[in-house]
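Below you'll find the structure, written out as structure tokens, and then a few comments.
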Number of protein chains: 2
Amino acid sequence: MLHVAEAARVSVATVSALINGTATVSPELSQRIEQAIRDIGYKRNAIARSLKMGTTRTIGLTVPHITNPFFTDVVSVIQQAFDRAGYAVMLCCTDEDLNTQDDQIRLLLDRMVDGLIVARVGDGAILKGIVDDANVPVVLLDRICEGVDTDTVVLDNQRAVFDAITYLINLGHRRIGYITGTSDISPMHDRMAGYREALHAAGLPIAEELIRFGNFHEIDGYNATMQMLSSHDRPSAIFSANNPMVIGTMKAIRDIGLSCPEDISVACFDDFPWSDVFQPQLTTVAQPVQAIGEQAANLLLDRLAGNRDAPPRKLVLKGRLMIRNSCRPLGAIAQSVSA
Amino acid sequence: MLHVAEAARVSVATVSALINGTATVSPELSQRIEQAIRDIGYKRNAIARSLKMGTTRTIGLTVPHITNPFFTDVVSVIQQAFDRAGYAVMLCCTDEDLNTQDDQIRLLLDRMVDGLIVARVGDGAILKGIVDDANVPVVLLDRICEGVDTDTVVLDNQRAVFDAITYLINLGHRRIGYITGTSDISPMHDRMAGYREALHAAGLPIAEELIRFGNFHEIDGYNATMQMLSSHDRPSAIFSANNPMVIGTMKAIRDIGLSCPEDISVACFDDFPWSDVFQPQLTTVAQPVQAIGEQAANLLLDRLAGNRDAPPRKLVLKGRLMIRNSCRPLGAIAQSVSA
DNA sequence: TGACACGATCGAAACGTTTAGATTAGCGTT
DNA sequence: AACGCTAATCTAAACGTTTCGATCGTGTCA
């Protein structure tokens, strides 16, 4: 900018005024300055600007795994929303690891992001500490966090799983396996509650051996399914609480020589784009990813626009059961259907 | 930092020296300073640091679509690599649009990213201009760019598709439909060349009505497939040059009442995680996403480490044909196989 | 004891902006 | 002709770091 000012024989203040339109500058000077900008190929240094202005027009976004299609979609939506608003997005993947998340958030905060959208991981205590002394707005995504009182957008996980399990029960299933991630994050906790609630509502017993905990990955779903299917009294249906783990479930079913839905019914949380082109077409709980991403972005953009003091807002969205052909009717129901 | 210095009754220079370890500071002062840092909860302002140091330890990454599983995986790998190296990643999606890409890259450059990894879009001329006057290292990913002489990592697309089409030919297919994106980007151009080369090598005619251009999206694959399958002399196999479009192909096959592989064989570019758990299990050309991402990251990290003057490096990786069950043998071959 | 080297610490400039406040010129009023 | 007002422009400080060179004790050696 100094060079531009010199070349145009004006002060840097005038150049700044012209670029930002913060003051009127005469036509002659405007022209001289614009010419100089072109000649020199000047580009404003956003870092210096950020330092002075105290805003970076950049937000931080952390998700556990970008390869999980749910997060892929949400990231995509959020990225687009902030792009439209002229913000850049710094993306971090925490790999479901508490320390990594810690580091990542500090990294983002160091870089003076204007705001943060976090799909948190693990225990909320550390996050609480970070959020409290970061003086930037934070939006929690997908996972609520006890004690952290800030804008949040989540799904009604319990209800969604309740609906899915009830659907299976109505098909005649009585022994329904349930594969979940560690329940230290709210979705897993709430989904499990939905499972228990549905069984309870139908007057069915809860068989603890049919509940398996994994670590969100394909291999965990695989192992859990293998164990369940090897037992003497195997379930007739399996519900997987996330998407990567259901892949493991399908592979286990295949490897053990069974088939879906003939031998075992399968449903899972999170829809994906291929659900209805390949066989079996998985019955899933679809999250409104578009809405989730947009709402999260809107909440943060609203704070960034200056609405700092409004009380924390909690948005709870509804999932949708996508019924396809991976679950088959059992027993009497099956007969009446096929009759 | 000023406050810390005052609280510890030292100069800011000493605080800086301690934090960065750039000079020895006595035990007493160290202790006083550390105490002050804790008391105040001081965090170094990376923006001010960047301004002074001329480096942001942030890189920019642009991809056409993050929801395309190929890019999802590559982004994930790159993100991890830079995370390990202490860099942040700013992610932009260009949506296969030239102007968007233009804006995004300027946005990133404005923010003084230390380097750029670009899976470019459209015509290379504008990109060339941007890259030339950005004085940061740029790595081109997935798509080469005529006239832009910089580090690049791409697939041997022509060879990969040649192998896939040759495989179909060996199965007995003679009329093989080909659905591609616009050929202004190198992968589409090269993959098409592989298609033509394979037919030519087998002495087969090239039927131009079997080559359809789309715009990379599912709907394009759907429309192209519909057109081909409605013709009086429909192909016995279809190859789709990217992943989203093959979904369209599968949907079209379903909607028109045919089935794969019984009525029509399908193969495509880009593998995805579910390929081998659902039916039909798609035969695909798998890109070595891990290697692609790591190599791109390494090329850029090497430049960032100071190796600025080395001549541009071009890495060409090999694809791998993943043969599954979505393509069936035809005619005499089928009979000899079933015999 | 004086000169000197060395280690620890500090002062101040610099990075490239923005902006409050000062200055200047031009012009209409009285 | 002196005055005040407005519009245009400029000067200089500030944002929070890093770092060069200066300063100041302290201990060593001749």
Side-chain angles (χ1 to χ4, degrees), chain A residues 1-37 40-58 86 88 106-107 109-114 133-136, chain B residues 1-37 40-58 86 88 106-107 109-114 133-136:
Chain A
M1 186 141 124
L2 181 62
H3 297 126
V4 170
E6 281 169 356
R9 301 183 310 276
V10 298
S11 75
V12 290
T14 310
V15 177
S16 178
L18 177 66
I19 290 177
N20 298 306
T22 51
T24 51
V25 3
S26 69
E28 313 103 84
L29 291 206
S30 296
Q31 199 178 346
R32 288 220 305 266
I33 293 170
E34 275 158 6
Q35 185 62 48
I37 287 176
I40 296 183
Y42 165 78
K43 291 246 193 62
R44 179 167 67 189
N45 181 329
I47 295 295
R49 178 164 219 263
S50 291
L51 176 60
K52 182 67 188 164
M53 304 283 277
T55 165
T56 52
R57 289 196 83 78
T58 300
R106 280 182 213 288
L107 180 94
L109 254 20
D110 275 359
R111 280 175 172 72
M112 302 279 135
V113 290
D114 291 341
D133 62 40
N135 47 2
V136 299
Chain B
M1 185 140 128
L2 181 62
H3 298 124
V4 170
E6 280 168 358
R9 302 184 309 273
V10 299
S11 74
V12 290
T14 310
V15 177
S16 178
L18 177 64
I19 291 176
N20 298 305
T22 50
T24 50
V25 3
S26 69
E28 311 106 84
L29 291 206
S30 296
Q31 200 178 346
R32 289 219 305 268
I33 294 171
E34 275 158 6
Q35 185 62 47
I37 287 177
I40 296 183
Y42 165 79
K43 291 247 192 63
R44 179 166 68 189
N45 182 327
I47 295 295
R49 178 165 221 264
S50 292
L51 177 60
K52 183 65 186 163
M53 305 283 277
T55 163
T56 52
R57 288 197 82 79
T58 300
R106 280 184 214 288
L107 180 95
L109 254 20
D110 274 0
R111 280 174 172 70
M112 302 278 135
V113 291
D114 290 342
D133 63 40
N135 47 2
V136 299

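Labels below follow one simple rule: chain letters A, B, ... track the order of the sequence lines, proteins then strands, and each chain is numbered from 1.
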**OP:** Select from B:Asn20 and A:Ala23 the residue whose nearest nucleotide in DNA chain D is closer to the 5' end of that strand.
**Re:**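 That would be A:Ala23.
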Given [N], is OP1 or OP2 found less than 4.0 Å from the side-chain N or O atoms of [X]?
X: B:Arg49; N: C:dC15; answer: no
X: A:Thr24; N: D:dA8; answer: yes
X: A:Ser16; N: C:dT18; answer: yes
X: B:Asn45; N: D:dC15; answer: no
X: A:Ser26; N: D:dA7; answer: no

Subject >> 5′-ward residue of the pair B:Ala13/B:Lys52 relative to DNA chain C >> reply: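 Nearer the 5' end of the strand: B:Ala13.
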**OP:** Ignoring hydrogens and angles, tell me if any N or O in the side chain of B:Arg9 forms a donor-acceptor pair with the backbone of B:Arg32 under 3.5 Å.
**Re:**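 Looks like no, no N/O pair under 3.5 Å.
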Original post:
Any donor and acceptor pair, going by atom type alone, linking the side chain of B:Thr58 with main-chain N or O of B:Thr56 inside 3.5 Å?
Top reply: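 Pair found, side chain donor or acceptor close to backbone of B:Thr56.
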Original post:
Which nucleotide in the set C:dT19, D:dT9, C:dG11 lies at the smallest distance from any side-chain heavy atom of A:Val25?
Top reply: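 Among the listed nucleotides, the one closest to the side chain of A:Val25 is D:dT9.
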Original post:
Which nucleotide, D:dT9, D:dA12, D:dC15, lies nearest any side-chain atom of A:Leu51?
Top reply: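 The answer is D:dC15.
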Take the protein atom [atom1] of [X] and the nucleotide atom [atom2] of [N], then report the distance between them rounded to whole Å.
X: B:Leu29; N: C:dG7; atom1: CG; atom2: C1'; result: 13 Å
X: A:Glu6; N: D:dT11; atom1: CD; atom2: P; result: 12 Å
X: A:His3; N: C:dC15; atom1: NE2; atom2: P; result: 9 Å
X: B:Met112; N: C:dG16; atom1: CE; atom2: P; result: 9 Å
X: A:Lys43; N: C:dT17; atom1: NZ; atom2: C1'; result: 17 Å
X: A:Ile19; N: C:dG16; atom1: CD1; atom2: P; result: 14 Å
X: A:Met53; N: C:dA20; atom1: CE; atom2: P; result: 11 Å
X: B:Tyr42; N: D:dG16; atom1: OH; atom2: C1'; result: 7 Å

So what does [X] hit on the nucleic acid, given a heavy-atom distance under 4.0 Å: a base, only sugar-phosphate, or nothing?
X: B:Leu2; answer: nothing
X: A:Ile47; answer: nothing
X: A:Met1; answer: base

What distance do [X] atom [atom1] and [Y] atom [atom2] have between them, rounded to the nearest 0.5 Å?
X: A:Ser50; Y: A:Arg111; atom1: OG; atom2: CZ; result: 13.0 Å
X: B:Met112; Y: A:Arg49; atom1: CE; atom2: CZ; result: 12.5 Å
X: A:Glu6; Y: A:Ile40; atom1: CD; atom2: CD1; result: 8.5 Å

